Amino acid sequence: MPDEAAHRVDVRIQAHDFDSAAEIAALTAGRADIGAVVTFTGLCRDEGGRLAALELEHYPGMAERAIRAIATEAVARFSLQGILAIHRHGKIAPGGNIVLVVAAAPHRQAAFDGAAFLMDYLKTDAPFWKKEHLKDGGTGEWVSAKDADDAAKARWTSAQ
Amino acid sequence: MSVRLVYFAWVRERIGKGSEEIDLPPEVKTVGELIAHLATLGEEYEAALQVPGVIRAALDEEHADHDEPIGGAREIALFPPMTGG
């Protein structure tokens, strides 16, 4: 089962942008057994007009390994037919894409849960860090981790 | 034993480099002991590691708690809590 789950996982860490519609089409092409596809896209906010960009630093190698491990667990736990995660790095302007998750399953609840589970674990376990670049040219701060993200992850263990 | 250390985000900025090779003193056996040892190496290390509890670590690209033995790890990463997604 772990091997089979791994085959349903596609993880990409890249600087360039992604096309959500094209990725959904690729994941479902030629498949008549998929009944539900849930996508999540995370975008860069301008934080009330303050930000010129977010710069995402990552730990190459571990970033892909960590997301792949979470995605493989999501496939096994929710019996997903496929899951895709794309996480960008580098400088991203407000309005730009940061992360994409696409989860496919026979029925909607597994697809919703699979996408949410992957995002909740990714936020706290995938080695990425965001630095703010300010519109006024000032040196930005590193974004702090949020307790709410730890709480979001914890709900998947307390629910069992 | 020589290991490669890699640093990310504000840990990297405060230490002033992204990676280095160091010889581990024999008494340094766990991640927590490594962090305490590094904090004695100079002001920049002290600034980066002054609150050990917030520092996260990975041994050969796998998350590791502070009480985890370093064992034969070749690459040890130290970084702040992650903020991806």
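Every value quoted in this text rests on a predicted model; they were computed, and no experiment measured them. Naming convention: chains lettered A, B, ... in sequence-line order (proteins, then strands); numbering from 1 in each chain.
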Inset, instruction - Would you mind checking which part of B:Ala9 comes under 4.5 Å of any heavy atom in chain A, side chain (CB onward), backbone (N, CA, C, O), both or neither? - result: both

Legend entry - Hydrophobic cluster membership, A:Leu51 vs A:Phe128, 4.5 Å side-chain cutoff: yes

Inset, instruction - Return yes when atom CZ of A:Phe18 has more than 12 non-hydrogen atoms of other residues, nucleotides or ligands closer than 6.0 Å, and no otherwise. - result: yes

Inset, instruction - Tell me the residues of residues 10-29 of chain B whose non-hydrogen atoms fall below 4.5 Å from those of chain A, in number order. - result: B:Trp10, B:Arg12, B:Glu13

Inset, instruction - Would you mind telling me which of A:Ala69, A:Ala145, A:Ala63, A:Ala66 has the largest number of heavy-atom pairs within less than 4.5 Å of chain B? - result: A:Ala145

Legend entry - Path from A:Val99 to A:Leu84 over hydrophobic side-chain contacts below 4.5 Å: no

Legend entry - A:Glu141 atom CD: more than 12 heavy-atom contacts under 6.0 Å: no

Legend entry - A:Asp147 atom CG, neighbour heavy-atom count above 12 within 6.0 Å: no

Inset, instruction - Mind ranking A:Asp125, A:Ile67, A:Leu54 by heavy-atom pairs under 4.5 Å with chain B and telling me who comes out on top? - result: A:Asp125

Inset, instruction - Describe, in one word, how the ring planes of A:Tyr59 and B:Phe8 are oriented to each other, choosing from parallel (under 30°), tilted (30 to 60°) and perpendicular (over 60°). - result: tilted

Inset, instruction - Verify the cluster assignment for A:Phe117 and A:Ile83: are they in a single hydrophobic cluster under the rule of side-chain heavy atoms below 4.5 Å apart? - result: yes

Legend entry - Same cluster (ILVMFWY, side-chain, under 4.5 Å), A:Ile86 and A:Val9: no

Legend entry - Engaged part of B:Val54 at the chain A interface, taking heavy atoms whose separation is under 4.5 Å: neither

Legend entry - Nearest heavy atoms of A:Met62 and B:Glu61, plus distance in Å: CG-O, 3.3 Å

Legend entry - From A:Lys131 atom NZ to B:Thr83 atom OG1, the distance as rounded to the nearest 0.5 Å: 12.0 Å

Inset, instruction - Sorted by first residue and then second, give each salt bridge (charged side-chain N to carboxylate O under 4.0 Å, His left out) pair with at least one member in residues 96-110 of chain A; sequence neighbours left out. - result: none

Inset, instruction - Starting at CE of B:Met82, measure out to CG of A:Asp149 and round the result to the nearest 0.5 Å. - result: 11.0 Å

Inset, instruction - Assess whether atom CZ of B:Arg74 is packed by more than 12 heavy atoms of other residues, nucleotides or ligands within 6.0 Å. - result: no

Inset, instruction - Under 4.5 Å heavy-atom distance to chain B, tell me which part of A:His89 shows up: side chain, backbone, both or neither. - result: neither

Legend entry - Joint cluster assignment, A:Ile70 & A:Met119, ILVMFWY side-chain distance < 4.5 Å: yes

